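Have a look at the structure below, then the notes.
A, B, ... follow the sequence lines: proteins, then strands. Residue 1 opens every chain. What you see is a predicted model, and the numbers here were worked out from it, not measured in a lab.
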There are 2 protein chains.
Amino acid sequence: MSDLGARLRARGKRLTSQRERVLAAVGRLGHGTPDEIADAVGSDGGGALPVSTVYRSLDALSELGLVGHTHVDHRAPSYHLADHATHVHVVCRGCGWVGEVPLSAADELVARIDDRLGFAADAGHAAVHGLCRTCREDP
Amino acid sequence: MSDLGARLRARGKRLTSQRERVLAAVGRLGHGTPDEIADAVGSDGGGALPVSTVYRSLDALSELGLVGHTHVDHRAPSYHLADHATHVHVVCRGCGWVGEVPLSAADELVARIDDRLGFAADAGHAAVHGLCRTCREDP
DNA sequence: TTGAATGCAAAAAATTTGCATATTG
DNA sequence: CAATATGCAAATTTTTTGCATTCAA
């Protein structure tokens, strides 16, 4: 898997230390907004990066399929390594609680989507909203 | 269904013409960003509303569960009537194409989430990302 | 009346862009 | 060397807030 450099080059892009550091930071964080990722990069001992570079790096890495993102709440795209997406996120509309279930829980849905549309769904990038145990009982 | 006024009052909120107009605009539009909704409200003959009021109205209506939203792309939350959410959206990461499958396709997933977490998932508010028929074959 | 909601304008966030300079291949 | 990225600052875009005023209940 993956010579980052080769994959970038294959797309006419280049391997830079910034992109390596952003990728590493995403891996370290698990999940993070562009801002949090910028902070994480800043604490790897290599000096801070401007947010604009973080955005551009995330774009580049997304194009390669190395990182993905979900919208956990209204405002923040949360990036993660593509291979970290091993579960479906659920987000409570009431209290904001975030939980997860194994990706396999979505097998049936993924199969049905493929049947009907020929679409390769990546459930690991989905955030399902709803109400958690507590909020569904409450008013 | 519902008496909008009653539902609002039940939460200590009030029925205002602005909220009625925002709700109507969302219904007319089907889907729309706060900005588009503001425009739509502006063309109902009742004069424009400041975006801040649109945001606040959408919040209020969301709390009542009358409107919901999905993140169709990176940047835009797309609001819709809650009862319009009768399908699961799929969004192609490659070309941005948006499709949908019946909500029932997610029954199994919803059941599993309930089993494991006691969480009431609302699949109609989920956008599943992936690759469409065309993009999955292509580079 | 009285607290909730609006309108407006200003503030805060979040994201993108222009351009000279530095780097990769 | 040539094309791609970076850094930085400024410009956009999106969302939120403060506050005096209006309005629903």
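- Side chain of B:R7 to main chain of B:L61: no donor-acceptor pair is present (N/O by atom type, distance under 3.5 Å, no hydrogens or angles).
- Phosphate contact (OP1/OP2 of D:dC23, side-chain N/O of B:R14, threshold under 4.0 Å): absent.
- In this structure, CG of A:D59 is placed 17 Å from P of C:dA14, rounded to the nearest angstrom.
- At C:dT16, none of the side-chain N or O atoms of A:Y55 fall inside 4.0 Å of OP1 or OP2 (strictly under the cut-off).
- Whole-Å rounding puts the B:R11 CZ to D:dA25 C1' distance at 19 Å.
- For A:D114, the salt bridge (Lys or Arg N to Asp or Glu O under 4.0 Å) partners at least two apart in sequence or on another chain are B:R136.
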Show each protein N/O and nucleotides 6-9 of chain D N/O combination with a separation under 3.5 Å, one pair to a line.
unit_1	atom_1	unit_2	atom_2	d
D:dT6	OP1	A:T16	OG1	3.2
D:dT6	O3'	A:Q18	NE2	2.8
D:dG7	OP1	A:Q18	NE2	3.1
D:dG7	OP2	A:T53	OG1	3.1
D:dG7	N7	A:R56	NH2	3.0
D:dG7	O6	A:R56	NH2	3.2
D:dC8	N4	A:S52	OG	3.4
D:dC8	N4	A:R56	NH2	3.4

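- The distance from atom CD of A:E36 to atom P of C:dA13 is 14 Å, rounded to the nearest whole Å.
- Formation of a donor-acceptor pair under 3.5 Å by the A:R116 side chain with backbone atoms of B:P102 is not found in this model.
- Atom pair B:R21:CZ and C:dA5:C1' shows a separation of 15 Å (rounding to whole Å applied).
- Hydrophobic cluster membership is shared by A:L58 and A:V41, with clusters built from Ile, Leu, Val, Met, Phe, Trp and Tyr side chains linked at under 4.5 angstrom.
- Rounded to an integer number of Å, the gap from CG of B:L8 to P of C:dA5 is 8 Å.
- Computed from coordinates, the B:L15 CG to D:dA25 P distance equals 6 Å when rounded to whole Å.
- Rounded to whole Å, the distance from CG on A:L58 to C1' on C:dT16 is 14 Å.
- Rounding to whole angstrom units, CG of residue A:D35 and P of C:dT15 are separated by 8 Å.
- Side-chain contact between B:V110 and B:L103 is absent, with no heavy-atom pair separated by less than 4.5 Å.
- Applying the side-chain hydrogen bond (donor to acceptor under 3.5 Å, both in side chains) criterion to B:Q18, with sequence neighbours excluded, gives no partner residue.
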